[in-house]
Enquirer: 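Have a look at the structure that comes next, please.
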Amino acid sequence: MLINTVLMTLLAVVTIAIVRQRSLFGVVILASVYSFLMASVLVVLDAVDVAMTEASVGAGISTVLLLATLHLIKTTEIRSVRPHLMPLVISVGTGAILVWGTLVLPPFGTPDAVIHQHVAARYVADTIKDTGVPNVVTSVLADYRSYDTLGETTVIFTAGIGVMLLLHRARRRGRSNDGET
Amino acid sequence: METLATALGHYNYVITIFLMMIGLYIVVVRGNMVKKLVGLSIFQTSVYLLYIAPGKIIGGTAPIIDPAFKVYSNPLPHVLILTAIVVGVATLALGLALVVRINEAYGTIEEDEIFERDRET
């Protein structure tokens with residue numbers, strides 16, 4: 001519980017640093033730090049599979065993608081001239097409403113909360129009998145709810161096609177420009 | 001002791017919402033598109049916390065069945081968020097590809113400069 005509180009505070013500090021940082025390299029590295037802190041919080045919250053994915057995808061692949069993009073573009077942010085009072089008011093207002101909404105949530109970590117009374121108990125009780133997989137997250141992901149996973153792979157496939165089309169066009173145009181000069 | 005536990009549990013939610021709002025603020029205020037995408041990722045990761053935190057049971061362990069343990073945290077939010085993480089990186093990749101294309105077309109990724117160039121033409 002205490003370690004969780006410390007990690008959450010660190011997360012908040014890193015996020016404020018991300019807002020204030022003007023160098024995009026700094027932003028990317030801080031985003032990577034943020035993902036690792038998030039993975040640590042997830043381990044504390046017993047979500048070990050999610051933590052592993054967050055560490056490899058959030059801190060690994062995302063950072064590589066962002067750095068690859070920075071290789072192709074300018075890496076400092078200009079000081080924006082747009083007004084930021086109104087967005088601040090909206091953010092703080094929405095945040096206040098959301099915090100007010102959390103007041104009625106069940107207390108943290110109680111086993112008799114509504115979320116634990118639904119199908120989750122059945123998954124934990126029957127996973128060995130139904131699937132033979134001791135890791136419940138794996139058995140739900142790949143067995144009980146494998147259609148969700150199929151949908152997820154469709155999304156990744158679509159995004160992959162989109163990225164390929166966008167970057168392929170860019171490269172072809174670059175080549176024709178080379179031909180002209 | 002109980003009030004302390006309640007306060008710490010509530011602190012989790014407050015920080016989660018704080019991260020969410022910082023992400024929203026970055027997306028709205030910052031004109032730099034890479035920064036916007038990082039803000040979007042922060043918003044997404046804060047949603048992970050919002051889902052995972054209620055699934056935790058104090059005294060429970062990770063949901064991997066073993067005779068040595070009796071109480072397990074709720075596995076269902078973990079599955080949902082695994083999907084969300086992967087979809088999140090897919091959106092990030094697509095967004096970054098768009099940023100690279102915009103940078104080629106306009107020579108900049110600052111929204112203000114792009115609007116200016118659009119007005120000139």
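Every chain is numbered from 1, with letters handed out A, B, ... down the list of sequences. Note: hydrogens, waters and symmetry copies are ignored here, and every other heavy atom, side chains too, is used.
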Enquirer: Highest number of heavy-atom pairs under 4.5 Å with chain B: which of Ser62(A), Ala31(A), Gly58(A)?
Expert: Ser62(A)

Enquirer: Quick one: does Val50(A)'s side chain get under 4.5 Å of Tyr48(B)'s, heavy atoms only?
Expert: no

Enquirer: Hey, are the side chains of Thr94(A) and Met20(B) touching, using non-hydrogen atoms and a 4.5 Å cut-off?
Expert: no

Enquirer: Starting from the C-alpha separation in whole Å, work towards a yes-or-no answer on side chain to side chain contact (heavy atoms under 4.5 Å, CB included) for Phe108(A) and Ile58(B).
Expert: CA-CA 8 Å; Phe108(A) 177 77; Ile58(B) 289 177; 4.3 Å; yes

Enquirer: With a 3.5 Å distance limit and no angle check, can you tell me whether Arg145(A) reaches the backbone of Leu76(B) through a side-chain donor-acceptor pair?
Expert: no

Enquirer: Are any of the side-chain heavy atoms of Val19(A) and Arg30(B) separated by less than 4.5 Å?
Expert: yes

Enquirer: Report which part of Pro107(A) has an atom under 4.5 Å of a heavy atom belonging to chain B: side chain, backbone, both, or neither.
Expert: neither

Enquirer: Can you tell me how far CG of Leu24(B) sits from CD1 of Ile90(A), rounded to the nearest 0.5 angstrom?
Expert: 8.0 Å

Enquirer: Could you work out, with ring-ring contact (aromatic ring centres under 6.0 Å, His included) as the rule, every residue matching Tyr13(B), not counting sequence neighbours?
Expert: none

Enquirer: Against chain B, label Leu24(A) side chain, backbone, both or neither, depending on which of its atoms sit under 4.5 Å from a heavy atom there.
Expert: side chain

Enquirer: Taking every heavy-atom pair that is under 4.5 Å apart, which of Ala68(A), Pro106(A), Ala159(A) has the most such pairs with chain B?
Expert: Ala159(A)

Enquirer: Using 0.5 Å steps for rounding, measure from the CD1 atom of Ile61(A) to the CG atom of Leu92(B).
Expert: 10.5 Å

Enquirer: Are Val124(A) and Tyr51(B) in one and the same hydrophobic cluster, where Ile, Leu, Val, Met, Phe, Trp and Tyr link if side-chain heavy atoms are under 4.5 Å apart?
Expert: yes

Enquirer: Spell out the residues in residues 146-157 of chain A that have some non-hydrogen atom less than 4.5 Å away from a non-hydrogen atom of chain B, in order of number; otherwise answer 'none'.
Expert: Glu152(A), Val155(A), Ile156(A)

Enquirer: What option among Leu98(B), Asn12(B), Ile22(B) has the most heavy-atom pairs under 4.5 Å with chain A?
Expert: Asn12(B)

Enquirer: Quick one, Ile64(B) and Val136(A) - any side-chain contact, counting heavy atoms below 4.5 Å?
Expert: no

Enquirer: What part of Leu94(B) lies closer than 4.5 angstrom to a heavy atom of chain A: side chain, backbone, both or neither?
Expert: both

Enquirer: Distance check, rounded to the nearest 0.5 Å: Leu88(A) atom CG versus Met21(B) atom CE?
Expert: 12.0 Å

Enquirer: For the residue pair Ile16(A) and Phe18(B), establish whether any side-chain heavy-atom pair is separated by less than 4.5 Å.
Expert: yes

Enquirer: Mind ranking Ile18(A), Leu2(A), Val48(A) by heavy-atom pairs under 4.5 Å with chain B and telling me who comes out on top?
Expert: Ile18(A)

Enquirer: Report, by ascending residue number, the residues of residues 126-133 of chain A in heavy-atom contact with chain B at a distance under 4.5 Å; give 'none' if the set is empty.
Expert: Thr127(A), Ile128(A)

Enquirer: Can you tell which part of Leu50(B) gets under 4.5 Å to a heavy atom of chain A, answering side chain, backbone, both or neither?
Expert: neither

Enquirer: Are any side-chain N or O atoms of Asn74(B) and backbone N or O atoms of Ile115(A), one a donor and one an acceptor, separated by less than 3.5 Å?
Expert: yes

Enquirer: Is the number of heavy atoms from other residues, nucleotides or ligands within 6.0 Å of CD1 (Ile3(A)) greater than 12?
Expert: no

Enquirer: Is Ala47(A) in contact with chain B via its backbone, its side chain, both, or neither, using a 4.5 Å heavy-atom distance?
Expert: both

Enquirer: If you define the side chain from C-beta out and look only at heavy atoms, does anything of Leu105(A) sit under 4.5 Å from His10(B)?
Expert: no

Enquirer: Quick one: do Ile102(B) and Phe115(B) end up in the same hydrophobic cluster if we chain Ile, Leu, Val, Met, Phe, Trp and Tyr together by side-chain heavy atoms under 4.5 Å apart?
Expert: no

Enquirer: Name the region of Thr61(B), side chain, backbone, both or neither, that has any atom closer than 4.5 Å to a heavy atom of chain A.
Expert: backbone

Enquirer: Return the option, out of Val28(B), Thr91(B), Thr83(B), with the maximum number of heavy-atom pairs under 4.5 Å with chain A.
Expert: Thr83(B)

Enquirer: Identify the heavy atoms of Val137(A) and Pro63(B) that sit nearest to each other, and give their distance.
Expert: CG2-CG, 3.8 Å

Enquirer: Could you pull out the closest heavy-atom pair between Asp46(A) and Gly60(B), with the gap in Å?
Expert: OD2-O, 3.3 Å

Enquirer: Hey, any chance Val140(A) and Tyr72(B) share a hydrophobic cluster, counting ILVMFWY side chains that come within less than 4.5 Å of each other, even indirectly?
Expert: yes

Enquirer: Could you check Leu45(A) against Leu49(B) for side chain to side chain contact (heavy atoms under 4.5 Å, CB included), going step by step and ending with a plain yes or no?
Expert: CA-CA 9 Å; Leu45(A) 291 175; Leu49(B) 272 184; 4.0 Å; yes

Enquirer: Okay, side chain of Lys35(B), backbone of Val27(A): is any donor-acceptor separation there less than 3.5 Å?
Expert: no

Enquirer: Could you walk me through whether Met8(A) and Thr16(B) pass the side chain to side chain contact (heavy atoms under 4.5 Å, CB included) check?
Expert: CA-CA 8 Å; Met8(A) 293 296 265; Thr16(B) 305; 3.7 Å; yes

Enquirer: Of the listed residues (Ile81(B), Thr108(B), Val14(B), Val34(B)), which shares the most heavy-atom pairs with chain A below a 4.5 Å separation?
Expert: Val34(B)

Enquirer: Which atoms of Glu113(B) come close to chain A, meaning under 4.5 Å heavy atom to heavy atom: side chain ones, backbone ones, both, or neither?
Expert: side chain

Enquirer: Backbone N or O of Leu82(B) within a donor-acceptor pair of the Asp49(A) side chain at under 3.5 Å?
Expert: no

Enquirer: Which one, Val119(A), Thr9(A), Leu70(A), Thr138(A), leads in non-hydrogen pairs under 4.5 Å with chain B?
Expert: Thr9(A)

Enquirer: Go through the atoms of Ile42(B) and report whether side chain, backbone, both or neither lie under 4.5 Å from a heavy atom of chain A.
Expert: both

Enquirer: Would you compute the distance between atom CG of Leu37(B) and atom OG1 of Thr69(A) and round it to the nearest 0.5 angstrom?
Expert: 8.5 Å

Enquirer: Side-chain heavy atoms under 4.5 angstrom apart, residues restricted to Ile, Leu, Val, Met, Phe, Trp, Tyr: same cluster for Val87(B) and Val89(B)?
Expert: no

Enquirer: Could you state the interatomic distance from CD1 (Ile109(B)) to CD1 (Ile73(A)), rounded to the nearest 0.5 Å?
Expert: 3.5 Å

Enquirer: I need the contact set between residues 34-43 of chain A and chain B: heavy-atom distance under 4.5 Å, sorted by residue number.
Expert: Tyr34(A), Met38(A), Val41(A), Leu42(A)

Enquirer: Are the side chains of Pro134(A) and Asp66(B) in touch, meaning some heavy atoms are under 4.5 Å apart?
Expert: no

Enquirer: Could you have a look at Ser139(A), Gly160(A), Gly162(A), Pro87(A) and say which one has the most heavy-atom pairs with chain B under 4.5 angstrom?
Expert: Pro87(A)

Enquirer: Top residue by heavy-atom pair count (under 4.5 Å) with chain A, among Val86(B), Leu80(B), Val71(B), Ile26(B)?
Expert: Val86(B)

Enquirer: At a heavy-atom separation under 4.5 Å, does Val38(B) approach chain A through its side chain, its backbone, both, or neither?
Expert: side chain

Enquirer: Okay, side chain of Lys56(B), backbone of Thr110(A): is any donor-acceptor separation there less than 3.5 Å?
Expert: no

Enquirer: Enter the distance from Leu66(A):CG to Ser41(B):OG here, rounded to the nearest 0.5 Å.
Expert: 7.0 Å

Enquirer: If we define contacts as heavy-atom pairs under 4.5 Å, which of Leu98(A), Val44(A), Thr158(A) has the most with chain B?
Expert: Leu98(A)

Enquirer: Val29(B), Met86(A): one ILVMFWY side-chain cluster at the under-4.5 Å cut-off?
Expert: no

